[in-house]
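In what follows, a single structure is set out as structure tokens and then discussed.
Every number for a ligand or one of its atoms is a count from 1 in the order of the listing. Nothing here was measured: the structure is a model prediction, and the numbers come from that model. Just so you know, these numbers use all the heavy atoms, side chains as well, and skip hydrogens, waters and symmetry mates.
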Amino acid sequence: MTILDGKKISNDIKAEIKAEVDKMKANGEKVPHLAAIIVGNDGASLTYVNNKVRSCKEVGFDSTLVTMRSTTSELELLDKIEELNNDDTIDGFIVQLPLPEQIQTQKVLMAVNPDKDVDGFHPTNFGRMSLDMSTFIPATPFGILELLERYNIPTKGKHTVVIGRSYIVGRPMSILMGRSGFPGNSTVTLTHEYTKNITQITSQADIIIIAVGIPGFLKAEMIKDDAVVIDVGTTRVADDTNPRGYVLKGDVDFENASKKASFITPVPGGVGPMTIAMLLKNTLLAREQRRNN
Ligand SMILES: Nc1nc2c(c(=O)[nH]1)N[C@@H](CN(C=O)c1ccc(C(=O)N[C@@H](CCC(=O)O)C(=O)O)cc1)CN2
Ligand SMILES: [Mg+2]
């Protein structure tokens, strides 16, 4: 059994990106600039955007964090997005999800200029991904592809079962694993909360990618021997014995599933850090595209 070390691979990727940025600097070029908008003060979301900003500093990117109060109106947010769309110093930006309920997420995703949409959630980019055209691949699925590639895990002809159909992870993942090439060429089953007899499906999976946000959902009994298990869940579970007051729990019963799996991601230190690294990668791409246009 091999533990897929997302922390290490993400550090490798960040070092590669930093080397590119160092070259840009040496050539007197503008370095990539990522902006992140966060609305409200959800603790986990604040952690993620702060990680994004810190990672920008690590690789030498410029970064801007835009914080907006939890009562921000949809119009105010759309105005801010328009401002970033028109700000020539910014190469890419993201709106941290989820958003407060007074704001329609779909309107927000539509408002981001596709050229700066480093999350890859705009319909143009999502469509381009589905059509095998070059685009910004959403960071978490992109990170999972990168893990599969760097650990050389075969995907061709394999049965990949995706659990969860969010547009951040499950939906794009199901498309990407079925595309031609490597990683890809899988036979994909996309499952969700209304799927019946899920164990019957997961127990046939060569590769399982789970993103449902239910700690310990995937049990050892639900997987076959030597399955590849990719755990995207990171739920904060209250824990008084931990100085932070919580522990992070994945969607997989790691202790037992790891005894059967051939490859498995840990939580923390698996997919999460890859998400941030691939967001940086997309931002580097955005800068290169803007330079060449
Ligand atoms: N606009 C977006 N919103 C959200 C995305 C996204 O890609 N774009 N994905 C998730 C949250 N997310 C990034 O935004 C994210 C989640 C987890 C991690 C991570 O590094 N997790 C660490 C643990 C960190 C901790 O201590 O809490 C790990 O798993 O090791 C990074 C990014 C939803 N929203
Ligand atoms: Mg993500």
* side-chain hydrogen bond (donor to acceptor under 3.5 Å, both in side chains) with Arg150: which residues, sequence neighbours excluded? -> Glu16, Glu146
* Salt bridge between Lys281 and Glu20, side-chain N to carboxylate O under 4.0 Å? -> no
* Asked: Is the shortest side-chain N to carboxylate O distance from Lys30 to Asp62 below 4.0 Å?
  -> no
Can a non-hydrogen atom of [X] be found less than 4.0 Å from any atom of ligand 1?
{"X": "Lys52", "result": "yes"}
{"X": "Thr234", "result": "yes"}
{"X": "Met274", "result": "no"}

With a cut-off of 4.0 Å, which atoms of ligand 1 are near a heavy atom of [X]?
{"X": "Pro268", "answer": "28 (C), 29 (O), 30 (O)"}
{"X": "Gln96", "answer": "1 (N), 3 (N), 4 (C), 11 (C), 13 (C), 14 (O), 34 (N)"}
{"X": "Gly272", "answer": "18 (C), 19 (C), 20 (O), 21 (N), 28 (C), 29 (O), 31 (C)"}

Could you tell me whether [X] approaches ligand 1 through its side chain, its backbone, both or neither, with non-hydrogen atoms closer than 4.0 Å?
{"X": "Val49", "value": "neither"}
{"X": "Leu248", "value": "side chain"}
{"X": "Met278", "value": "neither"}

Please round to the nearest 0.5 Å and tell me the distance separating atom [atom1] of [X] and atom [atom2] of [Y].
{"X": "Gln96", "Y": "Asp119", "atom1": "CD", "atom2": "CG", "result": "7.5 Å"}
{"X": "Ile153", "Y": "Leu4", "atom1": "CD1", "atom2": "CG", "result": "4.5 Å"}
{"X": "Tyr246", "Y": "Thr235", "atom1": "OH", "atom2": "OG1", "result": "12.0 Å"}

* To do: Please determine if Leu97 has a nitrogen or oxygen closer than 3.5 Å to a nitrogen or oxygen of ligand 1.
  => yes
* Polar contact flag for Gly269 and ligand 1 (N/O pairs, less than 3.5 Å) -> yes
* Structure fact -> A student comparing Phe121, Tyr48, Tyr246 should find that the heavy atom closest to atom 15 (C) of ligand 1 comes from Tyr48
* To do: Could you list the residues that satisfy salt bridge (Lys or Arg N to Asp or Glu O under 4.0 Å) with Glu149, not counting sequence neighbours?
  => none
* Asked: Considering only heavy atoms from C-beta outward, does the side chain of Asn41 approach that of Arg69 to under 4.5 Å?
  -> no
